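Step one of this worksheet: look at the structure below.
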Amino acid sequence: MTEVLIAGGGVAGTATALALQGAGRAPVVHEAHESGGDDAGAFLTVMANGMAALHAIGAAQAVIDASYPAASVELFDAGGRHLEHRAVPGPARTLSRATLYRVLQDLATARGIPVRHGKRLTTAAVTDGGVEVRFADGDRAEGAVLVGADGIHSPTRRLIDPQAPTPRHTGRHVVYGYAAGNPAGGAPDAYHMVFGSRAFFGFTAPGDGRTWWFARLPGAARPGETTPARWRELVREAVRDDAGPAAAIVEATGDEVVGGDSYDIPTTPRWHNARMVLVGDAAHAASPAAAQGASMALEDAVALAAAMRDHPEPAVAFGAYTAARRAQTEETVAASAALGGH
Ligand SMILES: Cc1cc2nc3c(=O)[nH]c(=O)nc-3n(C[C@H](O)[C@H](O)[C@H](O)COP(=O)(O)OP(=O)(O)OC[C@H]3O[C@@H](n4cnc5c(N)ncnc54)[C@H](O)[C@@H]3O)c2cc1C
């Protein structure tokens, strides 16, 4: 019987697998997608706390090799006035979500951890001495415990607590794009962020010949398909009247655009039952403003593995892990929400 079943092969799931293997466990990762994951076109910054967690699981170098340094943030107002220079406490690294997934999955595979793609958990039940999981393709698996690393819309969260809160729409869209060249001439390790009149716009030109940008703009949820061209148009309209390079950067962007509605989860009352436990966005999704989601997921992985190493009884380990992580992650979710559209 597999020891630890992990649902979700994103940041939290793969990092948890690596951390648990380091603690002497035998994890198996089950990822719903055939490759990659949801929203993988977006990019993110792993902050110093996340890098420390990567270091603890022996994954820091692989991520450094696939990413770019993020050393500073330059803040501007809608009129193009420079407001502030902020140093980013280092080391902090920028990379696409897809790259982070790939690096961690490759590392897991290289270390002999099975990563099974196309396995979408649909339901799970606590059994005598373990847990049984079922997947959308009709497959099933048994294990000692289930780690729900299945993201913000986590089915595992509902299995643990049918009353678990649904994610809250933050009233914002988040759009990511990649423009040709470096029209703004930014330094490779700097982020430029603009408190625009209708959108918060940020960009960096990390050195791959493109400018990576994001925009956060107000708007009601847009369920269903919105095309890359339409997302780009929404951003173009939102930055049109602002000084600075945002409009030129959007202009230099083709179809490399991905957008979506922004959600968070202020609190999840139950993080575990006797045999199932949540990590990452499944437990505590933050809006993107604090840029902490991936880093928190990585810290969860290390904390859960430490608790499972120290406490052989799963429920005791899960309780210790929750006690170590919940207050801090909820604070970060609240701080990110307080930043609003920024
Ligand atoms: C637009 C955007 C921008 C962001 N910017 C930043 C940033 O700058 N810095 C930062 O630190 N964080 C950022 N984040 C947050 C960060 O991406 C997440 O917090 C992080 O990816 C959480 O990792 P996770 O593994 O918990 O969830 P995910 O990365 O979402 O992974 C969940 C995985 O579970 C899989 N899955 C889902 N359902 C099932 C199922 N039923 N069965 C099996 N597998 C399933 C999914 O396919 C996915 O691979 C951002 C998030 C978004 C949406």
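Please read these numbers as outputs of a predicted model, since none were measured by experiment. Order of appearance sets the numbers: ligands from 1, and atoms from 1 within every ligand.
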Seminar exercise, completed: Per-atom filter on ligand 1: closer than 4.0 angstrom to a heavy atom of Gly151 are 27 (O), 32 (C)

Problem set entry | Salt-bridge criterion met for Arg86 and Glu74 (N-O under 4.0 Å) | no

For this session: Show which atoms of ligand 1 fall inside a sub-4.0 Å distance from at least one heavy-atom site of Gly280.
Result: 26 (O)

Exercise. Same hydrophobic cluster for Met296 and Leu100, using side-chain heavy-atom links shorter than 4.5 Å among ILVMFWY?
Worked result: no

Exercise. Should you measure from each heavy atom of Ser295, which atoms of ligand 1 turn up under 4.0 Å away?
Worked result: 11 (O)

For this session: Measure Ala149 to ligand 1 on non-hydrogen atoms and call it side chain, backbone, both or neither using the 4.0 Å cut-off.
Result: backbone

Problem set entry | Note: Lys119-Glu31 ion pair, threshold 4.0 Å (strictly below) | no

For this session: Heavy-atom contacts with His30 under 4.0 Å: which atoms of ligand 1 show up? List them by number with element.
Result: 43 (C), 44 (N)

For this session: Answer yes when Arg210 and Glu256 have at least one side-chain N-carboxylate O distance shorter than 4.0 Å, and no when they do not.
Result: yes

Exercise. Using the benzene-type ring in the case of Trp, are the ring centres of His153 and Tyr263 under 6.0 Å apart?
Worked result: yes

Problem set entry | Lys119 and ligand 1 - part of the residue with a heavy-atom distance under 4.0 Å | backbone

For this session: Only heavy atoms count here, so choose which of Pro288, Ala32, Pro155 is nearest to atom 45 (C) of ligand 1.
Result: Ala32

Exercise. Could a heavy atom of Tyr176 be found less than 4.0 Å from some atom of ligand 1?
Worked result: yes

Exercise. Does the N or O separation between Ala282 and ligand 1 drop below 3.5 Å for any pair?
Worked result: no

Seminar exercise, completed: With heavy atoms and a 4.0 Å threshold, my read on which part of Leu44 contacts ligand 1 is both

For this session: Examine ligand 1 and decide if any of its atoms is less than 4.0 Å from a heavy atom belonging to Tyr101.
Result: yes

Exercise. Run the side chain to side chain donor-acceptor pair (under 3.5 Å) check on Arg93 and Ser67 step by step: do they pass?
Worked result: CA-CA 6 Å; Arg93 307 288 304 189; Ser67 63; 2.8 Å; yes

For this session: Enumerate the atoms of ligand 1 whose separation from the nearest heavy atom of Thr45 is less than 4.0 angstrom.
Result: 7 (C), 8 (O), 9 (N), 10 (C), 11 (O)

Problem set entry | Ring-ring centroid check Phe201 Trp213, cutoff 6.0 Å | yes

Seminar exercise, completed: Checking Tyr101, Trp212, Tyr68 against Phe43 for ring pair (Phe, Tyr, Trp, His ring centres under 6.0 Å), the one that qualifies is Trp212

Seminar exercise, completed: Looking at Ala7, Gly118, Ala12, the heavy atom closest to atom 24 (P) of ligand 1 belongs to Ala12

Exercise. What do you reckon, are the aromatic ring centroids of Phe203 and Tyr191 less than 6.0 Å apart?
Worked result: no

Exercise. Going by distance only, is there an N or O of Gly293 that falls short of 3.5 Å from an N or O of ligand 1?
Worked result: yes

Exercise. Can you find an N or O of Ile152 that's nearer than 3.5 Å to an N or O of ligand 1?
Worked result: no

For this session: Go through ligand 1 atom by atom and flag the ones less than 4.0 Å from a non-hydrogen atom of Asp281.
Result: 18 (C), 19 (O), 22 (C), 26 (O)

Problem set entry | Aromatic ring proximity Tyr176/Trp231, centre distance under 6.0 Å | no

Problem set entry | Close approach of Met47 to ligand 1, heavy atoms, under 4.0 angstrom | no

For this session: Quick one: sort the Tyr321 and Trp271 rings into parallel, tilted or perpendicular, breaks at 30° and 60°.
Result: tilted

